[in-house]
J.: 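Dumping the structure here so I can ask a few things about it.
Note that the numbering runs from 1 along the sequence shown for the chain. Scope of the values below: all heavy atoms of this structure, side chains included, with no hydrogens, waters or symmetry mates. Remember, it's a predicted structure, so these values are computed and weren't measured experimentally.
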Amino acid sequence: MLFDNAPNPPLRPGQRLVTASEINNAVWRACDTFRGVIDPSQYKDYILTFLFLKYLSDLWKDRQQFYLEKYNEIIDNAPRTERALEQFERFRLPNTSRYDYLYEQRNASDIGEKVDIALEQLEEANRAKLEGVFGDISFNSERQLGQTKDRNRRVKNMIEDFRFIDLTPSHLESQDVIGDVYEYLIESFASDAGKKAGEFYTPSKVSTLLAELVAPKPGSRISDPTCGSGSLLIKVAKQVGSNNFAIYGQEINRSTYALARMNMFLHGFDDAVIRWGDTLNNPLLLENDRLMKFDVVVANPPFSLDKWGAESASGDRFGRFHRGVPPRSKGDFAFISHMIETTYEGRGQVGVIVPHGVLFRGSSEGVIRKRLIDENLLEAVIGLPANLFFGTGIPTAILLFNRARTNSTNTDVLFIDASREFADGKNQNNLLPKHIARIVETVQTFRNTPDGAAGVVADKYAYRAPLEEIQENDYNLNIPRYVDTFEEETPIDIRATQDQIILLEGQLTEAKARMQRYLQELGF
């Protein structure tokens, strides 16, 4: 919860709890204000930012009501209430930053500017938490929202749409609902945004799968060096099952970084550390001027990123590319190298989503892949169905690296071909819980049987490959080399087929004769 030092007031007579689906639908209708005006990848910034402001406003009113009742005060004379709000609540909310004030001003000729000022004052009042969060968003932008008359109308419509969205905790069906609504909207915006969506969102079911595969333990430090809007980080954190964890992320896109910061607050992760910058060229998650180390590092980095910084990688002051420098036009192994170097030696885990080319491309990528395998860091290769991700239909894979294996005699690698297990979706394919469960169970069984026999684990699905076999394949990790999914055709019974043909020909001849008699009877 955002304000969690005291219970929420009970429901009053006639009140009912608001469901997540009701809020989802209401906020999605508010998006109509911007549809057709600006690109979906941009209007998400306006809607989600205003949702954040509305939520803080409703929470503030809820807490204010709690203190008024607690201290038996009225709103026009409530010194103890005001003092409690200032001293005990996690956020400060200036009068001109509150939704009700903006609603009263909705017909003002400078309403866009008033919303901008509200955000500036909200940020200033909570500088330690919100500094830089609203810097790139303007509700007074002529370039984005049109000339004054059109801009005022759109901002007014949006403000009025939010009037009917009640986000006070005492009215919500679940205290997780606002974070879930935020996630719903981000996923919906990703669906609308198409190709650009991959920059800020990993599909929910893929995030769930990766979170269950890395299985973070209480006390874990968790990181995502390309965190987007933070959804994957949140899924992994929730997998811990307690509040005993620390999460860190870095994001290169400024507006997406702002979404990630708001996303963390809405899920109650106030202590999350999210940095804005280029992870490969300027890693900002540091301790004592060295790379910060983590127990779990997960990512869905941009696939085959061009111009990622190869020209300066050989002189990297953190020594991240000691296994080799990936090609300039494909940064996949640059992200993998960074992720591995930021995990604790002897126990750190990495889960990364990659395009299939990472499994078999040669040159410098082949050299890096060989060294990672020879160091016994690679644990599993999991092939996923095609068309799971927004904006690309290519098949992908999850690579699991485990630094605990450097102390293990187990050098086998698990290969899973889950590419055929999915549910068809309208725009994207989907993983169902049963698909996720099968993958996770197969990986867990592999981990729990370090001395298991090499070979087929599950027919046409999973294979345990010894290091020697991978070496014989020249360190090529292409999944079909290990998991045989060939389906033999059912043998054809030639004699039975000939008999069937003869039968059908006889039936056809008889049918033609009957047709001819009918035609003669009709005079044709």
Side-chain angles (χ1 to χ4, degrees), residues 190 193-203 205-207 209-210 213-214 224-228 232 252 279-280 297-310 313 321 323-340 350-370 372-373 377-401 413-422 427-431 435 439 470 473-483 485:
K195 186 174 182 179
K196 296 180 181 179
E199 298 176 6
F200 66 89
Y201 189 72
T202 301
K205 297 303 182 184
V206 179
S207 295
L209 170 61
L210 194 48
L213 287 171
V214 295
D224 182 344
T226 61
C227 70
L232 176 56
I252 191 171
T279 287
L280 295 181
V297 182
V298 293
N300 175 23
F303 295 160
S304 301
L305 182 65
D306 190 15
K307 301 175 184 176
W308 58 269
F321 309 109
R323 297 179 185 87
V325 176
R328 177 182 178 183
S329 61
K330 293 180 176 62
D332 304 297
F333 271 105
F335 288 108
I336 292 171
S337 298
H338 170 85
M339 294 172 74
I340 290 174
V350 168
V352 57
I353 300 165
V354 297
H356 274 221
V358 169
L359 306 180
F360 54 79
R361 289 192 299 248
S363 191
S364 59
E365 291 184 292
V367 172
I368 299 170
R369 189 169 59 245
K370 176 181 183 301
L372 290 171
I373 294 169
L377 294 175
L378 181 63
E379 181 176 48
V381 179
I382 302 164
L384 300 177
N387 201 32
L388 284 179
F389 293 84
F390 299 105
T392 179
I394 66 171
T396 56
I398 291 176
L399 297 183
L400 298 179
F401 297 92
V413 175
L414 177 66
F415 289 83
I416 296 176
D417 185 348
S419 62
R420 297 176 296 173
E421 300 199 350
F422 61 89
N427 297 313
Q428 277 80 38
N429 293 327
N430 298 307
L431 295 175
H435 303 141
I439 294 171
I470 296 174
N473 283 321
D474 200 23
Y475 295 89
N476 187 318
L477 301 177
N478 202 16
I479 297 171
R481 285 178 175 254
Y482 305 93
V483 182
T485 58

J.: Would you say D306 and S329 are linked by a side-chain donor-acceptor pair, where the criterion is simply a distance under 3.5 Å?
T.: no
J.: Any side-chain heavy-atom pair from V381 and L359 closer than 4.5 angstrom?
T.: yes
J.: Looking only at non-hydrogen atoms, find the nearest pair between P225 and V298 and report the distance.
T.: CD-O, 3.4 Å
J.: Evaluate the side-chain proximity of P301 to H338: yes if any heavy-atom separation is below 4.5 Å, no if none is.
T.: no
J.: Closest heavy-atom contact between S337 and F333?
T.: OG-O, 2.7 Å
J.: Could you go step by step and tell me if R361 and S304 meet the side chain to side chain contact (heavy atoms under 4.5 Å, CB included) rule?
T.: CA-CA 12 Å; R361 289 192 299 248; S304 301; 3.8 Å; yes
J.: Not counting sequence neighbours, which residues clear ring-ring contact (aromatic ring centres under 6.0 Å, His included) with F415? List them please.
T.: Y482
J.: To the closest 0.5 Å, what do you measure between CD1 (I416) and CG (L384)?
T.: 9.5 Å
J.: Would a distance-only check, ignoring hydrogens and angles, find a side-chain to backbone donor-acceptor pair under 3.5 Å from R369 to N476?
T.: no
J.: Does a side-chain heavy-atom distance below 4.5 Å link I336 with V354?
T.: yes
J.: Run the side chain to side chain contact (heavy atoms under 4.5 Å, CB included) test on L372 and L378 for me, step by step, so that the C-alpha distance in whole Å, both residues' side-chain angles and the decisive distance to 0.1 Å come before the verdict.
T.: CA-CA 7 Å; L372 290 171; L378 181 63; 5.7 Å; no
J.: Could you check if a side-chain atom of V350 sits within less than 4.5 angstrom of a side-chain atom of I340, using non-hydrogen atoms only?
T.: yes
J.: Are the side chain of D224 and the backbone N or O of T226 linked by a donor-acceptor pair below 3.5 Å?
T.: yes
J.: Do V413 and L477 come close enough that some side-chain heavy atom pair is under 4.5 Å?
T.: no
J.: Test side chain to side chain contact (heavy atoms under 4.5 Å, CB included) on I439 and E421 and set out the steps.
T.: CA-CA 10 Å; I439 294 171; E421 300 199 350; over 6 Å; no
J.: Check for a donor-acceptor pair, side chain of D417 on one end and backbone N or O of P480 on the other, with a separation under 3.5 Å.
T.: no
J.: Below 4.5 Å, heavy atoms only, C-beta onward: do N430 and F422 meet side chain to side chain?
T.: no
J.: Between L210 and N300, is any pair of side-chain heavy atoms under 4.5 Å apart?
T.: no
J.: Can you confirm whether P326 sits close enough to D332 that some side-chain heavy atom of one is under 4.5 Å from a side-chain heavy atom of the other?
T.: no
